[in-house]
Amino acid sequence: MKLADNKATLSFSNGSPSIEMPVYSGNIGPDVIDIRKLYGQSGMFTYDPGFLSTASCQSGITYIDGDKGELLYRGYPIEQLANHGDYLDTCYLLLKGELPDAKQSTDFHKLVNNHTMVNEQMQFFLRGFRRDAHPMAVLTGLVGALSAFYHDSTDITNPEHREISAIRLIAKMPTLVAMAYKYGVGQPFQYPQNNLSYSGNFLRMMFGVPCEEYKVNPVLERALDRIFILHADHEQNASTSTVRLCGSSGTNPFAAIAAGVACLWGPAHGGANEACLKMLDDIQKMGGISKVGEFMEQVKDKNSGVKLMGFGHRVYKNYDPRAKLMQETCNEVLAELGLENDPLFKLAKQVEKIALEDDYFVSRKLYPNVDFYSGIVQRAIGIPVNLFTGVFALARTVGWIAQLNEMIGDPEYKIGRPRQLFTGSPRRDIKG
Ligand code: CMC
């Protein structure tokens, strides 16, 4: 970051002296006012719950222009990566800053493939869960438990430990997600098969059974790879900020990523794809397309507490570029599986059409986000609804690690410690 030409001056109406603060510019995007010395100079904090105007860090990984609807990973538009790249190359890009050349790509694929198995003991840990446990509850536990299995990569200050834990996490997440699924349906776990692609391997671990040969469908393989690319990183969202804050205490990478998984679970974040499909199911049960108008009235009624899931975003005030790509993938997958007339897909299109024309959504700049179509694609592939957020966590793991490692390498990095405006009781004494 570099000092901008101008400075910010904060003045007070009570006659206290005004304060000058430096302004920094990034390469693109809004400048920031550096308020780090504000408390020392004025005795005041800033107040910004929800981080509406606060940049919590400097980062060179992902850039979003919410008004344009643009998403760049290390400068590359998401459309180009989704159309020409593969997920592991995207992981390489996010972690190392550049796309790999042919040899680097082959080596990286091999390296990740070498770490797909999990310690055999892991399945006994998994077996402690109820069969009907939510996969995100299971995953939060499993990812956290990795730190108990890989003692040789838990020192966050050691670059080699960071490197190997990154590879382990990326390689093992598909295995863990598939294990959480198999456990729930009571089928034997499928060991990874390293001659398959990253997404092909995941499909086989999910849907293969020991008594039959599993053939990977290339359209579904590609669709899944695209889902992974689209979810790989999204700058300082809630789960990434959670990972950074958790990691800022110096905890091990597995623990920090487990915190990210836990945060992602919420319906306002990664849980939205699950919530979106449930919403479409509910509208279907109400009577389907003919009831969309009635449903929209509930959404617009602030007292109803009903939201249009898969719509709206803190940063995008335009169409989420990932939603467009996901809609394309949705068309491809449904055509491949002969599900073009899938009633839920038709319903989703109708909901989208009505919302995009309705003044409530238009005036608030509410557009479909990535989760609006990702649930339909995943359901068509055969992924159960309660595993959608687990698939999102799998894909986002690389983003969390890249951001965590960036933070550790930042000379300005400090333990995260927000302050507060205290509104509770002042000091008082117990009577008697
Ligand atoms: N349905 C109906 N109204 C909405 C919606 C929605 N989905 N989203 C926002 N609004 C309204 C909101 O009530 C508010 O109205 P008003 O100005 O009259 O009070 C206005 O739009 C601004 O919304 P906000 O709550 O201030 O926006 P936010 O930035 O705090 O929330 C959000 C962003 C994503 C949490 C929210 O849009 C939402 O809950 N959407 C549904 C859940 C969802 O799809 N989440 C996935 C996000 S993308 C995947 C990810 O990155 O995890």
Side-chain angles (χ1 to χ4, degrees), residues 118 122-123 126-127 129-143 172-190 192 198-212 214-217 219-228 230-231 261-262 264-267 269-285 309-310 326 329-330 332-334 336-339 342-345 347-348 370-397:
V118 293
M122 202 71 177
Q123 59 170 291
L126 177 60
R127 282 181 208 281
F129 285 94
R130 285 168 54 139
R131 294 266 173 190
D132 62 355
H134 194 287
M136 287 303 280
V138 175
L139 268 182
T140 312
L142 292 186
V143 175
K172 292 181 201 308
M173 274 304 270
T175 314
L176 296 180
V177 174
M179 280 173 84
Y181 168 66
K182 287 294 196 193
Y183 183 69
V185 293
Q187 288 183 5
F189 303 127
Q190 293 288 292
Y198 189 83
S199 50
N201 192 24
F202 179 63
L203 282 170
R204 186 184 157 277
M205 286 192 289
M206 283 286 297
F207 304 117
V209 285
C211 44
E212 274 172 30
Y214 183 80
K215 264 195 93 129
V216 176
N217 177 322
V219 176
L220 305 191
E221 184 183 19
R222 178 72 200 136
L224 205 54
D225 199 70
R226 186 177 251 200
I227 291 177
F228 294 162
L230 298 185
H231 287 88
V261 176
L264 189 74
W265 191 359
H269 191 10
N273 48 19
E274 179 176 343
C276 179
L277 209 82
K278 283 207 177 109
M279 173 194 80
L280 292 172
D281 260 338
D282 287 346
I283 305 176
Q284 194 72 348
K285 281 185 202 129
M309 301 314 286
M326 195 51 76
T329 298
C330 195
E332 280 165 28
V333 168
L334 296 181
E336 170 68 14
L337 299 174
L339 296 171
D342 178 59
L344 231 49
F345 185 51
L347 183 62
V370 67
D371 289 323
F372 194 67
Y373 285 107
S374 77
I376 298 174
V377 180
Q378 292 193 54
R379 194 189 64 139
I381 290 176
I383 296 169
V385 175
N386 67 0
L387 202 71
F388 290 177
T389 316
V391 171
F392 189 163
L394 180 177
R396 180 58 58 86
T397 294

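Residue indices begin at 1 and follow the sequence shown. Because the structure is a prediction, the values reported are computed rather than measured. Heavy-atom basis, side chains included; hydrogens, waters and symmetry copies ignored.
Scored by the side-chain hydrogen bond (donor to acceptor under 3.5 Å, both in side chains) test, Gln123 finds Glu120, Arg127 as partners (sequence neighbours excluded). For Arg130, the salt bridge (charged side-chain N to carboxylate O under 4.0 Å, His left out) criterion is met by Asp132, not counting sequence neighbours. With sequence neighbours left out, Gln190 forms a side-chain hydrogen bond (donor to acceptor under 3.5 Å, both in side chains) with no residue at all. Qualifying side-chain contact (heavy atoms from CB on, under 4.5 Å) partners for Ala380, counting only residues two or more places apart in sequence or in other chains: Val333, Leu334, Leu337, Leu339. Taking Asn201 as the reference, nothing meets the side-chain hydrogen bond (donor to acceptor under 3.5 Å, both in side chains) condition, with sequence neighbours excluded. Under the rule for a ring pair (Phe, Tyr, Trp, His ring centres under 6.0 Å), Phe388 has no partner lying at least two apart in sequence or in another chain. Listed by chain and residue number, Tyr87, Phe228 satisfy the ring pair (Phe, Tyr, Trp, His ring centres under 6.0 Å) test with Tyr198 (two or more places apart in sequence, or in another chain). By the side-chain hydrogen bond (donor to acceptor under 3.5 Å, both in side chains) test, Thr397 is found to be paired with no residue, residues two or more places apart in sequence or in another chain being considered. With sequence neighbours left out, the side-chain contact (heavy atoms from CB on, under 4.5 Å) criterion links Asn386 to His134, Pro135, Glu274, Pro384. Arg396 is linked by a salt bridge (charged side-chain N to carboxylate O under 4.0 Å, His left out) to nothing, counting only residues two or more places apart in sequence or in another chain.
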Less than 3.5 Å apart, which donor and acceptor atoms pair up between the side chains of residues 203-212 and the rest of the protein, not counting sequence neighbours?
unit_1	atom_1	unit_2	atom_2	d
Arg204	NE	Gln193	OE1	3.1
Arg204	NH1	Tyr191	O	3.0
Arg204	NH2	Gln193	OE1	3.4

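Interatomic distance, Ile381 CD1 to Gln378 CD, rounded to the nearest 0.5 Å: 7.0 Å. Arg226 contributes atom CZ, which lies 6.0 Å from atom CD of Glu332 (distance to the nearest 0.5 angstrom). Rounded to the nearest 0.5 Å, atoms CD1 (Ile376) and SG (Cys330) are 5.0 Å apart. Here the CE atom belonging to Met122 is positioned 10.0 Å from the OG1 atom belonging to Thr175, to the nearest 0.5 angstrom. The structure places CE of Met179 at 7.0 Å from CG of Leu142, a figure rounded to the nearest 0.5 Å. Annotation: the span from Thr389 atom OG1 to Leu394 atom CG amounts to 12.0 Å, rounded to 0.5 Å.
With contacts defined as side-chain heavy-atom distances shorter than 4.5 Å, the pair Pro343/Gln284 qualifies. Side-chain contact between Ile383 and Tyr181 is absent, with no heavy-atom pair separated by less than 4.5 Å. Contact check for Tyr183 versus Val138: no side-chain heavy atoms found under the 4.5 Å cut-off.
Screening residues 375-390 for salt bridge (charged side-chain N to carboxylate O under 4.0 Å, His left out) gives Asp342-Arg379 as the qualifying pairs, with residues at least two apart or on separate chains.
The residues Arg222 and Asp225 are annotated as salt-bridged, a charged nitrogen and a carboxylate oxygen being separated by less than 4.0 angstrom.
Pairing each heavy atom of Pro267 with each of Met309, the nearest pair is O-CE, 3.4 Å.
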